[in-house]
K.L.:
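Take a look at the following structure, please.
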Amino acid sequence: MRKKTETKRQTIIQAATEVFREFGFERASMSKICARAGGSKTTLYNYFPSKEELFFEVISISNEEEFQFVYETISESAKIENAYEQLCEFGKRQLAFLYSPKLRELRKLTISQSGITDLGKIAYNNRVLKGQNIISNFLEKTIQLNKIKRIDTTIAAKHLWGLIEAELIYPFLLNIDIEYSKKEMDEMAIRAVNLFMDAYRV
């Protein structure tokens with residue numbers, strides 16, 4: 001088996017980006033991507049074992065900057081100065097990101113493919129759980145500083161995530177087209193963090 005190279009990997013990702021943009025997820029195929037990237041199918045599958053893995057890599061790269069911005073205030077390197085304010089800012093950024101037009105479309109696609117392909121599972125393991133793990137680590141630091149109760153931070157991270165999305169998730173899932181302003185979504189995030197802190201504050 002030939003040694004993997006970053007150059008070849010990037011060539012495949014670029015070809016996949018073009019094919020997905022041109023044909024959409026369902027009509028795109030590994031054969032089309034292989035033809036665009038050059039080389040054999042064996043080489044393609046050596047880098048990415050499935051179309052779903054490759055699609056997720058493409059969308060992750062396209063959204064990486066926004067993802068990092070969302071979690072910047074509660075990241076591993078973030079110093080806890082005011083946990084409440086940091087969580088509020090995270091919540092505002094999270095809603096703005098998740099309910100941006102691009103992310104809404106990608107989430108709908110992922111949901112539609114769940115149970116049909118592995119796309120939903122891949123997105124859950126590599127994005128949702130990754131995000132909740134960052135929240136959990138931040139909450140662990142706030143416990144050490146005696147800002148919140150000693151709790152299972154893995155569960156508490158899921159609670160916070162759920163609260164932040166609580167006012168938007170069902171209209172989204174049921175395709176009810178309601179537009180909210182940034183101010184309205186910011187207020188939703190603040191309400192969510194207030195409820196969370198009321199439950200867990202020392």
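This one's a predicted model, so the numbers in the text were calculated from it and none came from an experiment. The figures that follow rest on heavy atoms only: side chains count, while hydrogens, waters and symmetry mates do not.
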K.L.:
Ignoring hydrogens and angles, tell me if any N or O in the side chain of Lys141 forms a donor-acceptor pair with the backbone of Ala78 under 3.5 Å.
P.N.:
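Yes, because the side chain of Lys141 sits within donor-acceptor range (under 3.5 Å) of the backbone of Ala78.
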K.L.:
Does Ser136 use its side chain to pair, donor to acceptor, with the backbone of Gln132 at less than 3.5 Å?
P.N.:
no
K.L.:
Would you give the length of the straight line joining atom CZ of Phe56 to atom CG of Asp118, rounded to the nearest 0.5 angstrom?
P.N.:
13.0 Å
K.L.:
Provide the full list of salt bridge (charged side-chain N to carboxylate O under 4.0 Å, His left out) pairs with a residue in residues 44-59, sequence neighbours left out, each pair given once.
P.N.:
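Residue pairs with at least one partner in residues 44-59: Arg9-Glu57.
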K.L.:
Once rounded to the nearest 0.5 Å, what's the spacing between atom CD1 of Ile13 and atom CD1 of Ile61?
P.N.:
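So the CD1 of Ile13 and the CD1 of Ile61 are separated by 4.0 Å.
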K.L.:
Under the rule for ring-ring contact (aromatic ring centres under 6.0 Å, His included), what residues qualify as partners of Phe55, not counting sequence neighbours?
P.N.:
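Once residues adjacent in sequence are excluded, the partners of Phe55 under the ring-ring contact (aromatic ring centres under 6.0 Å, His included) criterion are Phe20, Phe25.
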K.L.:
Quick one: which residue pairs count as a salt bridge (charged side-chain N to carboxylate O under 4.0 Å, His left out) with a foot in residues 75-90, not counting sequence neighbours?
P.N.:
Glu89-Arg93
K.L.:
Return the minimal non-hydrogen interatomic distance between Ile178 and Pro171, and the atom names on each side.
P.N.:
CD1-CB, 4.3 Å
K.L.:
Report the distance from atom OG1 of Thr154 to atom CD1 of Ile135, rounding to the nearest 0.5 Å.
P.N.:
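The OG1 atom of Thr154 sits 11.0 Å away from the CD1 atom of Ile135.
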K.L.:
Any salt bridge (charged side-chain N to carboxylate O under 4.0 Å, His left out) involving residues 152-175? Give me the pairs, sequence neighbours left out, ordered by first then second residue.
P.N.:
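Salt bridge (charged side-chain N to carboxylate O under 4.0 Å, His left out) check on residues 152-175 returns Arg107-Glu165, Glu167-Arg191.
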K.L.:
Would you please say whether a donor-acceptor pair under 3.5 Å links the side chains of Lys102 and Asn63?
P.N.:
yes
K.L.:
What's the spacing between Leu106 CG and Leu98 CG if we round to 0.5 Å?
P.N.:
11.5 Å
K.L.:
Sequence neighbours excluded, which residues qualify as ring-ring contact (aromatic ring centres under 6.0 Å, His included) partners of Phe67?
P.N.:
Tyr71
K.L.:
Is a donor on one side and an acceptor on the other found under 3.5 Å between the side chain of Asn133 and the backbone of Leu129?
P.N.:
no
K.L.:
Mark yes when over 12 heavy atoms from residues, nucleotides or ligands other than Gln10 sit less than 6.0 Å from its CD; otherwise mark no.
P.N.:
yes
K.L.:
May I ask you to decide if Glu184's main-chain N or O and Ser181's side chain share a donor-acceptor pair within less than 3.5 Å?
P.N.:
yes
K.L.:
Ignoring hydrogens and geometry, is there a side-chain-to-backbone donor-acceptor pair from Lys149 to Ala199 under 3.5 Å?
P.N.:
yes
K.L.:
Where is the tightest heavy-atom contact between Met30 and Phe48, given as atom of each residue plus distance?
P.N.:
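What the structure gives for the nearest pair is CE-O, 3.6 Å.
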K.L.:
Following the transitive rule for hydrophobic clusters with a side-chain heavy-atom cut-off under 4.5 Å over Ile, Leu, Val, Met, Phe, Trp and Tyr, establish whether Tyr170 and Met188 coincide in one cluster.
P.N.:
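Yes, it is one cluster - the side chains of Tyr170 and Met188 are joined through contacts under 4.5 Å.
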K.L.:
Please tell me whether Phe69 and Ile134 are part of a single hydrophobic cluster in this structure, the criterion being side-chain heavy atoms less than 4.5 Å apart.
P.N.:
no
K.L.:
Quick one: pull up OG1 in Thr110 and CZ in Arg127 and give me the separation to the nearest 0.5 Å.
P.N.:
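That separation rounds to 11.0 Å.
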K.L.:
Among all residues two or more places apart in sequence or in another chain, which pass the side chain to side chain contact (heavy atoms under 4.5 Å, CB included) test with Gln14?
P.N.:
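Testing Gln14 for side chain to side chain contact (heavy atoms under 4.5 Å, CB included), a comparison that skips the adjacent residues, returns Glu18.
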K.L.:
For residues Phe138 and Val202: do they belong to one hydrophobic cluster (side chain heavy atoms under 4.5 Å, members Ile, Leu, Val, Met, Phe, Trp, Tyr)?
P.N.:
no
K.L.:
For the side chain of Arg201 and the backbone of Ile148, is there at least one donor-acceptor N/O pair under 3.5 Å apart?
P.N.:
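Pair absent, no side-chain N/O of Arg201 close to backbone of Ile148.
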K.L.:
Is there a donor-acceptor pair under 3.5 Å between the side chain of Gln68 and the backbone N or O of Glu64?
P.N.:
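The answer is no, because no donor-acceptor pair under 3.5 Å joins these two groups.
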K.L.:
Determine yes or no for a side-chain-to-main-chain donor-acceptor pair under 3.5 angstrom, with Asn46 supplying the side chain and Thr42 the backbone.
P.N.:
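No; judged by distance alone, with no hydrogens or angles, the pair does not exist.
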K.L.:
Ignoring hydrogens and angles, state whether a donor on the side chain of Thr43 or Lys8 is under 3.5 Å from an acceptor on the partner side chain.
P.N.:
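Result is no, nothing qualifies.
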K.L.:
Decide if atom CD of Glu6 counts as having more than 12 heavy atoms of other residues, nucleotides or ligands within a radius under 6.0 Å.
P.N.:
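Atom CD in Glu6 is packed in, count exceeds 12.
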K.L.:
Could you tell me if Thr5 and Thr7 have a donor-acceptor pair between their side chains, going purely by distance under 3.5 Å?
P.N.:
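There is no such pair (donor and acceptor under 3.5 Å, judged by atom type) between the side chains of Thr7 and Thr5.
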K.L.:
Measure the spacing between CG of Leu44 and CG of Leu54 and express it to the nearest 0.5 Å.
P.N.:
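CG of Leu54 is found 6.5 Å from CG of Leu44.
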K.L.:
For Lys147, is there any backbone N or O sitting under 3.5 Å from a side-chain donor or acceptor partner on Tyr200?
P.N.:
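No: the side chain of Tyr200 does not pair with the backbone of Lys147.
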K.L.:
Could you state whether Ile164 and Ile155 fall into the same hydrophobic cluster, counting links through intermediate Ile, Leu, Val, Met, Phe, Trp or Tyr residues with side-chain heavy atoms under 4.5 angstrom apart?
P.N.:
no
K.L.:
According to a hydrophobic-cluster definition based on side-chain heavy atoms being under 4.5 Å apart (Ile, Leu, Val, Met, Phe, Trp, Tyr only), do Leu145 and Leu139 belong together?
P.N.:
yes
